Amino acid sequence: MKNLRLMIAAACLCALGLLAMPAAAETKEIVLWHGYRAEEKNALEKVIAQFNAAHASKGIQVKTLAVPYDAYPDKISATVPRGKGPDLFIFAQDRLGGWIEAGNTVEPIDFYLDDALRKRFIPTTMEAMTYRGTVYGLPLNYKVITLIYNKKLVPTPPKTSGELVTMAKKLTDKKAGRFGLAYSYGDFYYHAALMNGFDGGVFGPGTTPTMSSAQNVKSVELMMKWVEKDGILPAEPSTALITSLFNEGKAGMVFSGPWFLGEIAKGVEYGLAPLPTLDEAGGKPMRPWMTVEGVYVAAPSQNKDAAFEVAKFLTSDEAARVLALEGRQSPANQAVYADARIAGDAQLKAFRQQVETAVPMPNVPEMSMVWSHATSAMSSILKKTSTPKAALDVAQKGIARDVAGLRKK
C-alpha cells in the first residue's frame, strides 16, 4: 500500500512538472511571393535558407513561391486584398500607388523604420517606395538602362551627346546594315532618359499631366535628329534586331539594361558606361527611369512583425552581397558597394554609377493612363504622320481625360 501511495505521488509530481513546462513555441510560416527565375531565384532562395537557419529557434520560417511574371501583378490584385495571398511579396514600384488606392493590399511601414534603416538604402530607391509621404516597402534592388558598347568598335565610350553622334556617324554604314547606335527609341520607357535629361516628365505637381511640355517636345526632336539628320539609328528596331546587330558587330553602342547582358554572345568584348550628357540641354545628364523592386508586407497578413523581420533581412548587407554576386542584381543597399568584390565588378559598378542620375519611375495610379497614349504618340512621330508637338498634344489630352476618369472612380 505504501509503495502504491508513493507511485501515485510520483505520478502526480510528474504530471505537475509537465504542466509547468512551457509549450513548444509554434512556428510561424511566412509566405513570400516573387517573380524571379534562374540565378535571381537561386540567390533569393539562398538568402531565405540563411534566414530560416538563423531563425529556426525563434519560430519563424519562410516559404517562397515563384509566380510566373506575366500573371504576377493580377494575382496580387486578386488575392492579397481578400487575405488569400502571401505575407510578403516582391514587385517593382510602378504598381504601388494603384494597390494602395485599391486598399488592403500593402501595409504602411513607417512605424518600423528608424534613421539607421532609412539610411541603409540609396535615397532615390527609398523615394520609389514612398507614396503620398508614407513608406510602403523596403527597396531590394533596382534596374536602369545605361550605355553598353562593343570595345573593339568603341575603345573609349562617349561622355557627351556630341561625342556620341561623332563616333556613331563613323561607325554607321546603312547599306552594310551597320549603325553607331541601336536602342528601342520608339519605346517610351527608353525615351524617358532623353525626356528626363531635358527636365521633362509626364506629371507636374498634383499629378497634373505635362506630356506636351516644351522640354518633352525638345527631347523628341533630338531623338528624331539622331534618326533622320544624323542617321545613326536603325529604323524602328525590334529587341531581336538590336541584339543581333550588337552580337554581329554591326552596332557599336546600345542603350539597355541588365536584361540585355544575358543576350550578348560569347566572344563579344563589351563595356558599360554612364549615358552621355546632353549638349542640347546645357550639359545635363541623360536621366533614365529606374524601376525599384521592393519587399512589401501584405496588409491582411496575420504575421506583420515577423514578415517585416524577413524584409529587413532580405535588404541587409549580408543578403545584398549574395543577391549582387550570385543573383547579378543591383542592390538598393548602399554599404554593399564598399565590398571589394562588388566595387571591382564592372557590371555592378556601372549600374550603381548610372543610378546617381536616374529618376524613379512614377508610382502613382495615374501612370497606368500614360503608356498607351505615349506609345501612340511615339508611333505617329516616327511614321511622320504627326509632328512631335502635335503628337504630344494629342497624348496630353488623352492622358488628362483618362486621369479625370480615374479620379471620378
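Note that this is a predicted model, so its numbers are computed, not measured. For this chain, numbers begin at 1 and follow the sequence in order.
- In this structure N333 satisfies the side-chain contact (heavy atoms from CB on, under 4.5 Å) test together with R120, D317, A320, P331, A335, V336, sequence neighbours excluded.
- Between S301 and D87, the closest heavy-atom pair is OG-OD1, 2.7 Å.
- The pair E45-K41 meets the salt-bridge criterion, with a side-chain N (NZ, NE, NH1 or NH2) lying under 4.0 Å from an Asp/Glu carboxylate O.
- Under the 30°/60° scheme for interplanar angles, the aromatic rings of Y190 and Y183 are found to be tilted.
- For K304, the NZ atom is densely surrounded, since the number of other residues' heavy atoms within 6.0 Å is greater than 12.
- Residues W371 and S368 bring no donor and acceptor atom of their side chains to less than 3.5 Å of each other.
- Using modelled atom types and a 3.5 Å distance limit, the side chains of E269 and Y149 yield no donor-acceptor pair.
- Environment of NZ in K349: sparse, with no more than 12 heavy atoms of neighbouring residues, nucleotides or ligands closer than 6.0 Å.
- Residue R37 places its CZ atom among 12 or fewer non-hydrogen atoms of other residues, nucleotides or ligands, all under 6.0 Å distant.
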Would K397 and D402 count as a salt bridge (Lys or Arg N to Asp or Glu O under 4.0 Å) here? Give the steps. CA-CA 9 Å; K397 286 172 187 168; D402 289 355; over 6 Å; no
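- Side-chain contact check for W226 versus Y185: every heavy-atom pair is 4.5 Å or farther apart.
- The residues K143 and E293 are annotated as salt-bridged, a charged nitrogen and a carboxylate oxygen being separated by less than 4.0 angstrom.
- Between F313 and F51, the ring planes are perpendicular. Angles over 60° get that label, and only those under 30° would be called parallel.
- Using a 4.5 Å heavy-atom cutoff, the side chains of M253 and L147 are in contact.
- A donor-acceptor pair shorter than 3.5 Å can be found between the side chains of S161 and E280.
- Looking at Y136 and N363, their side chains never bring a donor and an acceptor atom within 3.5 Å of each other.
- Less than 6.0 angstrom separates the ring centroid of W99 from the ring centroid of F91.
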